[in-house]
Amino acid sequence: MGNLRSKDLSKIGYHNDQLRSLVIGITSKNFKHHSRQQLLDLLVEIKDNPEAFLDDELTGKIAEKIIGRAGAPSFKAFELRNEPVFCKTYGSKGIEPAAKRQMELATLLPVSVQAALMPDAHMGFGLPIGGVLATDHAVIPYAVGMDIGCRMALSIIGENESFLKRYEYQIREALKAHTHFGMEGGLDTRQEHEVLDSPVFNEIAMLKPLRSKAVRQLGTSGSGNHFAEFGEMELFTDNTIGLPAGKYTALLTHSGSRGLGSAIARHYTQIAMNTCKLPRHSQQLAWLDLNSEAGQEYWLAMTLAGDYAKACHERIHANLIKALNQEALRVVENHHNFAWKDRLTDGRDVVIHRKGATPAHKGELGIIPGSMTTPAYLVSGKGTGNALYSASHGSGRAMSRQKAKESMTVSAMKKLLANAGVTLIGGSVEENPLAYKDIETVIAAQSDLVDIQGKFYPRIVRMNKE
DNA sequence: ATGTCC
């Protein structure tokens with residue numbers, strides 16, 4: 001039987017994603033005896049002459065949908081610029097050519113105003129990870145990233161670093177009991193947060209069915225490079241967070257907006273790619289006009305996903321810190337996959353997309369993690385205009401997940417961890433420390449972008465297994 | 001990153 005995919009439908013002119021869902025739904029249930037080619041031929045016929053199918057019980061629904069949309073043009077095509085907009089690259093030596101090429105393509109979009117590439121950059125979908133892009137009244141879902149609102153949160157706890165050794169067992173048990181990583185199952189205890197009461201869940205049709213999953217996943221962490229870890233915090237003198245220089249215990253988490261943000265990203269990426277047609281190689285950089293209905297919906301949904309990601313970190317920190325009978329003295333947190341309305345140094349109003357980049361306006365605090373065996377940096381932005389007020393979001397991958405798997409064994413990774421004095425709960429060789437660039441090199445490449453206020457050394461790390 | 005396509 002014909003097993004139609006969204007891609008096949010795009011090729012025969014079914015560009016609307018609601019229409020494609022409808023077609024896949026109807027054909028998979030009712031046309032089991034058709035071959036794939038027969039189905040495609042039938043769908044082409046329906047598309048070319050929908051009126052002839054209106055009376056049919058099954059295909060009529062597809063025909064109605066096509067006719068309903070026939071009035072308005074469904075997409076707009078654009079050309080690229082002849083000359084790129086300004087793009088400053090930091091730490092160019094450590095960045096793979098493919099990531100630079102992706103960034104160069106982004107500087108040719110007609111909506112682009114300015115760009116910057118951070119020293120941890122590597123290839124991604126559309127915009128590279130580590131890419132920063134300012135646009136004019138347009139938002140590019142793929143320049144925000146698939147994990148909208150992916151972010152860092154650091155709680156500095158009121159105990160000196162010896163707490164880590166004395167309470168190692170309790171910390172390990174708390175991490176096992178009060179975090180949940182990855183896709184299956186969830187937390188044992190019900191989580192609450194005002195973000196679940198957001199009216200936006202009811203204002204946008206595609207969000208309504210996502211709320212129940214958001215309720216279930218609140219306070220959980222993702223997979224891949226997401227983590228929750230306790231470690232030793234070293235605060236430098238002249239820090240701006242108002243704590244004496246010295247050593248502390250701290251909790252650092254990295255996670256995003258889970259299934260909610262993923263569904264939002266998928267939905268609006270499809271709309272952008274269907275309505276904004278670009279020369280083939282740049283199609284993934286399709287944007288939504290901020291004045292369009294879809295653009296305004298995306299902005300609201302993206303903001304909700306960002307708030308939800310923040311809420312997840314809040315729940316994780318509250319649960320862990322309470323389990324250890326501690327209190328947070330200070331919290332530092334930042335998104336690193338998001339878009340903001342902002343102003344360039346020349347006064348132009350733009351949308352700044354940061355896809356794996358830390359906001360670094362003058363005095364703005366942020367966290368740049370290394371790997372599970374190397375320190376994270378507490379930084380304060382310098383507000384550098386050429387960097388679009390940004391910094392790197394980590395050390396950056398040096399190896400793909402596949403390459404990391406091939407080049408590291410479980411036992412070799414255990415030795416790395418033991419030598420670094422780090423306990424890992426869960427985790428996988430895909431995230432092994434050697435799969436990442438050297439954090440010291442990456443930090444050194446952005447001395448114009450941030451001041452360093454402290455360092456965090458991971459000691460007990462919890463990640464998703466596999 | 002993500003019930004890895006509704």
Side-chain angles (χ1 to χ4, degrees), chain A residues 2-11 14-31 36 39 43 61-62 65 122-131 141-152 180-186 205-217 220-227 253-271 273-274 284 301-302 305-306 308-309 312-313 335-338 353-357 369 393-394 396-397 400-402 404 428 430-431 435 463-466:
Chain A
N3 199 2
L4 284 184
R5 300 167 74 93
S6 218
K7 225 187 291 174
D8 304 322
L9 296 174
S10 295
K11 278 184 201 152
Y14 283 71
H15 294 302
N16 177 278
D17 85 313
Q18 285 177 3
L19 176 60
R20 285 197 303 242
S21 297
L22 179 75
V23 169
I24 290 170
I26 289 176
T27 55
S28 64
K29 284 190 190 76
N30 303 291
F31 290 84
R36 195 181 124 93
L39 266 181
L43 288 166
K61 288 180 190 150
I62 298 171
K65 189 93 189 166
H122 54 98
M123 214 173 89
F125 290 111
L127 202 71
I129 318 298
Y142 260 139
V144 170
M146 290 311 279
D147 189 3
I148 300 169
C150 184
R151 72 203 313 270
M152 303 300 303
H180 179 85
F181 284 78
M183 293 192 300
E184 283 148 37
M206 67 88 49
L207 291 177
K208 276 185 194 169
L210 296 174
R211 188 177 172 278
S212 62
K213 192 198 298 188
V215 170
R216 199 166 65 245
Q217 292 188 325
T220 65
S221 308
S223 55
N225 59 2
H226 289 175
F227 60 77
T253 52
H254 176 213
S255 192
S257 52
R258 312 294 278 117
L260 175 67
S262 170
I264 292 168
R266 278 201 309 270
H267 181 81
Y268 289 98
T269 295
Q270 280 303 316
I271 293 178
M273 304 237 288
N274 289 335
Q284 287 185 331
M302 175 194 79
Y308 181 76
C312 284
H313 283 263
H335 284 331
H336 55 219
N337 280 11
F338 210 66
H353 304 72
R354 296 188 180 87
K355 183 182 185 178
H393 85 309
R397 286 201 87 93
S400 66
R401 296 204 155 90
Q402 187 58 35
S428 75
E430 292 179 26
E431 295 302 319
M463 296 183 87
N464 189 44
K465 208 169 164 63
E466 285 275 275

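Just so it is clear, the values below take in all heavy atoms, side chains as well, and ignore hydrogens, waters and symmetry mates.
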Trainee: Distance check: side-chain N/O of Ser262(A) vs OP1/OP2 of dT4(B), anything under 4.0 Å?
Mentor: no
Trainee: Using distance alone, with no hydrogens and no angle criterion, decide if His313(A) and Thr253(A) have a side-chain donor and acceptor under 3.5 Å apart.
Mentor: yes
Trainee: Hey, does the side chain of Gln270(A) come within less than 4.0 Å of dC5(B)'s phosphate (OP1/OP2), counting only N and O?
Mentor: no
Trainee: Would you mind reading off the distance between Phe125(A) atom CZ and dT4(B) atom P, rounded to a whole angstrom?
Mentor: 15 Å
Trainee: Take Ile24(A) and Ser221(A), find for each the nucleotide of DNA chain B with the closest heavy atom, and name the residue whose nucleotide sits nearer the 5' end.
Mentor: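 Upstream on the strand: Ser221(A).
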Trainee: Given atom NE2 of His267(A) and atom P of dC6(B), what is their separation to the nearest angstrom?
Mentor: 12 Å
Trainee: Return the value, rounded to whole Å, for the distance between atom OH of Tyr268(A) and atom P of dT2(B).
Mentor: 20 Å
Trainee: Classify the side chain of Arg258(A) versus the base of dG3(B) as yes if they form a donor-acceptor pair under 3.5 Å and no if they do not.
Mentor: no
Trainee: Answer with yes or no after comparing the ring centroid distance for His254(A) and His336(A) against a 6.0 Å cut-off, counting only values under it.
Mentor: yes
Trainee: Let me confirm one number: the CZ-CG distance from Arg354(A) to Asn337(A), rounded to the nearest 0.5 Å.
Mentor: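 Taking CZ in Arg354(A) and CG in Asn337(A), the distance rounds to 11.5 Å.
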Trainee: Rounded to the nearest 0.5 Å, what separates atom CZ in Arg266(A) from atom OH in Tyr268(A)?
Mentor: 13.0 Å
Trainee: Roughly how many Å is it from CG in Asn464(A) to C1' in dT4(B), rounded to a whole number?
Mentor: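 Rounding to the nearest Å, CG of Asn464(A) and C1' of dT4(B) are 14 Å apart.
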Trainee: Once you round it to whole Å, what is the distance between C1' of dG3(B) and CD of Glu184(A)?
Mentor: 9 Å
Trainee: Ignoring backbone atoms, test whether Arg266(A) places a side-chain nitrogen or oxygen under 4.0 Å from the OP1 or OP2 oxygen of dC6(B).
Mentor: yes
Trainee: Nearest whole Å is fine: how far is dC6(B) C1' from Lys61(A) NZ?
Mentor: 15 Å
Trainee: Regarding Gly222(A), tell me which of base, sugar-phosphate or nothing describes its non-hydrogen contacts under 4.0 Å with the strands shown.
Mentor: sugar-phosphate
Trainee: Expressed as a whole number of angstroms, how long is the span from His180(A):NE2 to dG3(B):P?
Mentor: 10 Å
